Amino acid sequence: MSRIQSVFQSLQASGRRALIPFITAGDPAPELTVPLMHALVEGGADIIELGVPFSDPMADGPTIQRASERALINGMSLRKVLALVSEFRTTNASTPVVLMGYANPIEAMGVERFVAAAGAAGVDGALVVDYPPEECEAFARTLKAGGMDPIFLLAPTSTEQRIREVATIGSGYIYYVSLKGVTGSGALDFNDVAARMPQIRQGVGMPVGVGFGIRDAESARRIGEVADAVVIGSRIIEEIENSPRDQAVARVKNFVEGVRAALDQIQGAPR
Amino acid sequence: MQTADKPYRFPDSRGHFGPYGGVFVAETLIPALDELNAAYEACRNNPAFMAEFEYELKHYVGRPSPIYHAKRMSDSLGGAQIYLKREDLNHTGAHKVNNCIGQALVARYMGKPRVIAETGAGQHGVATATVAARYGMECVVYMGAEDVKRQAANVYRMKLLGAKVVPVESGSRTLKDALNEAMRDWVTNIHNTFYIIGTVAGPHPYPMMVRDFQAVIGAECLVQMPEMTGRQPDYVIACVGGGSNAMGIFYPYIDVPGVRLIGVEAYGEGLDSGRHSASLTGGTPGVLHGNRTYLLQSEDGQIIETHSISAGLDYPGVGPEHAWLKDSDRAEYVGVTDEEALAAFHNLCHLEGIIPALESSHAIAYAAKLAPTLPRDKILLVNLSGRGDKDMHTVAEKSGIQF
């Protein structure tokens with residue numbers, strides 16, 4: 001069983017939701033990434049999504065694009081992200097790390113080399129935003145063979161057939177994008193998500209995380225009522241952006257603790 | 001290698017030109033692209049749609065555009081004869097409008113009242129604003145803040161036509177950043193918005209659809225060249241940034257044997273200087289903006305900043321069909337520098353009384369290099385993709401003149 005599967009299994013056994021925060025590797029500084037990852041875990045994160053910066057993050061909003069730009073100015077690269085994961089693994093052997101990014105840095109490294117290096121670094125999964133299932137059969141196969149989960153997105157506009165396709169090729173969990181738009185966009189429609197969730201969860205037969213538009217403990221709790229996991233990205237990046245450098249780690253931990261407490265108020269399985 | 005006995009049929013049903021093209025976008029865009037694909041298939045198989053497209057090209061754009069024998073230029077070079085396909089004479093002054101009319105008609109068929117576009121030099125933005133006015137659609141154009149500065153006249157033209165121009169401050173503040181921003185608008189406003197992409201790049205079906213709408217250029221040449229010269233040209237030459245004017249003139253010639261297709265990229269300050277926009281001759285394959293193609297990228301797979309004197313060629317990728325034509329050897333790709341393009345710009349002004357766009361000046365510059373190496377009975381057909389009025393400021397500045 002993969003680390004991601006065992007996390008979900010033990011959470012489900014205790015009726016809890018997974019909390020999946022996102023940070024961009026190298027933002028605000030490469031030396032703060034591993035401390036931030038540990039702070040996320042101490043604050044109550046179950047899985048970490050670690051952003052691999054890309055020069056043209058088309059599916060992201062301005063907040064995550066700024067994080068990417070800062071990371072690239074700091075010299076971050078896919079190779080260096082993998083080194084940071086290795087460093088994190090020296091003191092944390094249990095929290096799954098999912099890389100989130102775009103296809104081009106992976107293709108530049110070469111899929112085989114990437115999978116070997118990611119496996120060796122202790123990566124558990126990869127979500128490649130611009131690899132829809134039909135364009136990455138070989139990638140998903142290679143990743144699975146390397147013991148990692150290919151994570152895919154589903155959207156409010158995804159058809160029944162898409163849901164089935166994604167379920168066939170993906171593993172670990174599904175990331176449901178809770179609104180139309182890019183990361184960090186405005187309003188989240190809880191009723192929409194609540195109405196769609198049972199169909200998605202049933203259709204994919206694996207845990208479903210919901211992200212895009214979750215900004216505080218309250219919105220996390222409401223999403224947690226209906227989903228297996230809650231993903232928070234832009235809001236944490238803002239916390240990092242707005243903190244003095246020496247306080248970023250503590251403030252991110254504090255924010256994540258608040259979300260964790262709200263999620264733990266939820267009773268029973270997702271509706 | 002493509003040969004005449006094996007008809008060229010690309011892309012496949014999922015938008016692949018060999019290993020290039022495809023649909024590399026986030027899940028949120030997949031349903032929109034499926035919907036567009038279905039709508040475009042319906043439109044292109046609908047005789048009434050195609051008849052309206054042709055009517056608009058004839059009466060609104062002024063097609064067919066003529067072919068002009070640049071005799072004085074040819075004589076001054078002392079070699080092959082240079083013929084110019086005059087896309088600069090189109091309404092709005094460039095080839096871009098052909099595609100915009102096609103896509104606006106598809107948007108209308110789909111019931112989308114709002115169109116958005118990205119633009120580099122501003123030509124595609126102007127063409128989009130023009131057709132939006134023509135069909136009564138709301139129009140928003142994304143333009144890199146750097147380009148807004150370089151192309152102030154075109155920004156004003158778009159505003160006159162009723163479009164809203166949004167300067168994009170992210171990244172390198174040029175065409176690729178405008179494209180990112182337009183994609184973001186599209187994914188957010190998919191219910192009422194049609195994204196008019198200006199070049200043969202992006203996710204399927206855009207590279208195919210834009211090529212098909214621009215193919216009128218080459219289709220006219222196939223008829224006009226034998227009328228003028230009794231035969232087809234030996235070479236067809238076009239500049240390549242994203243590659244839409246080149247695909248437009250190349251595509252109908254792909255299955256015509258004996259015609260060499262030459263795409264001219266922007267070598268900027270020189271291919272070795274690192275300051276250029278030559279993705280095919282100086283780049284490597286990768287994934288950007290929804291398709292796999294040749295890209296200018298770092299060793300780590302980050303897209304690098306490009307340079308060209310011509311904003312319309314200043315793009316780190318290229319249409320996937322060009323990538324395929326390069327790999328399959330059906331087309332050849334070369335480049336000329338800023339300086340060579342500028343010299344060609346001035347030559348065409350002086351010798352023929354035609355002020356070409358700096359983009360098109362790249363094609364002319366290569367023709368001027370090639371012609372003297374060939375006998376006088378050889379024929380070069382050059383796509384003069386746009387007029388140069390928009391480049392007055394850039395050229396004047398190079399000569400130390402301020403308006």
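Atoms considered below: every heavy atom in the structure, side chains included; atoms not considered: hydrogens, waters and symmetry mates. What you see is a predicted model; the values in this text were computed from it and never measured.
- More than 12 heavy atoms of other shown residues, nucleotides or ligands fall within 6.0 angstrom of atom CD in Glu169(B).
- Proximity to chain B (any heavy atom under 4.5 Å) is shown, for Glu135(A), by both the backbone and the side chain.
- Residue Leu29(B): no heavy atom, backbone or side chain, is found under 4.5 Å from chain A.
- Residues Val287(B) and Phe54(A) come closest through the heavy atom pair O-CZ, 4.4 Å.
- Proximity to chain A (any heavy atom under 4.5 Å) is shown, for His289(B), by both the backbone and the side chain.
- A side-chain donor-acceptor contact under 3.5 Å links Asn104(A) to the backbone of Gly301(B).
- Contacts of Ile30(B) with chain A are made by side-chain atoms alone, with heavy-atom separations under 4.5 Å and no backbone atom involved.
- Thr28(B) contributes no side-chain N or O that, together with a main-chain N or O of Ala155(A), makes up a donor-acceptor pair within less than 3.5 Å.
- A salt bridge links Arg162(A) to Glu27(B): one of the charged nitrogens lies within less than 4.0 Å of a carboxylate oxygen.
- Residue Glu31(A) qualifies as enclosed at atom CD: its count of foreign heavy atoms under 6.0 Å is above 12.
- Using a 4.5 Å heavy-atom cutoff, the side chains of Glu69(A) and Ser170(B) are in contact.
- Among Leu154(A), Val129(A), Val128(A), the residue making the largest number of heavy-atom pairs under 4.5 Å with chain B is Val129(A).
- The choice from Ser77(A), Ser68(A), Cys136(A) that makes the most heavy-atom pairs within less than 4.5 Å of chain B is Ser77(A).
- Although no hydrogens or angles enter the test, the distance criterion places a donor-acceptor pair under 3.5 Å between the side chain of Gln302(B) and the main chain of Pro53(A).
- One distance of note links CG of Asp34(B) with OG1 of Thr159(A); it measures 7.5 Å at 0.5 Å rounding.
- Rounded to the nearest 0.5 Å, atoms CD (Glu107(A)) and CZ (Phe24(B)) are 6.0 Å apart.
- Expressed to the nearest 0.5 Å, how far OG of Ser55(A) lies from CG of Leu288(B) amounts to 7.0 Å.
- Nearest heavy atom pair, residue Ser158(A) against residue Pro31(B), reads N-CG, 4.3 Å.
- Around atom CG of Asp272(B), no more than 12 heavy atoms belonging to other residues, nucleotides or ligands sit under 6.0 Å away.
- For a residue to count as touching a neighbouring chain, one of its non-hydrogen atoms must lie under 4.5 Å from one of that chain's; by this rule Leu78(A) does not touch chain B.
- With a 4.5 angstrom heavy-atom cutoff, Ile106(A) does not touch chain B via any of its atoms.
- Rounding to the nearest 0.5 Å places CG of Asp56(A) at 5.5 Å from CD1 of Ile303(B).
- With hydrogens and angles ignored, the 3.5 Å screen pairs no side-chain donor or acceptor of Arg184(B) with any backbone N or O of Gly61(A).
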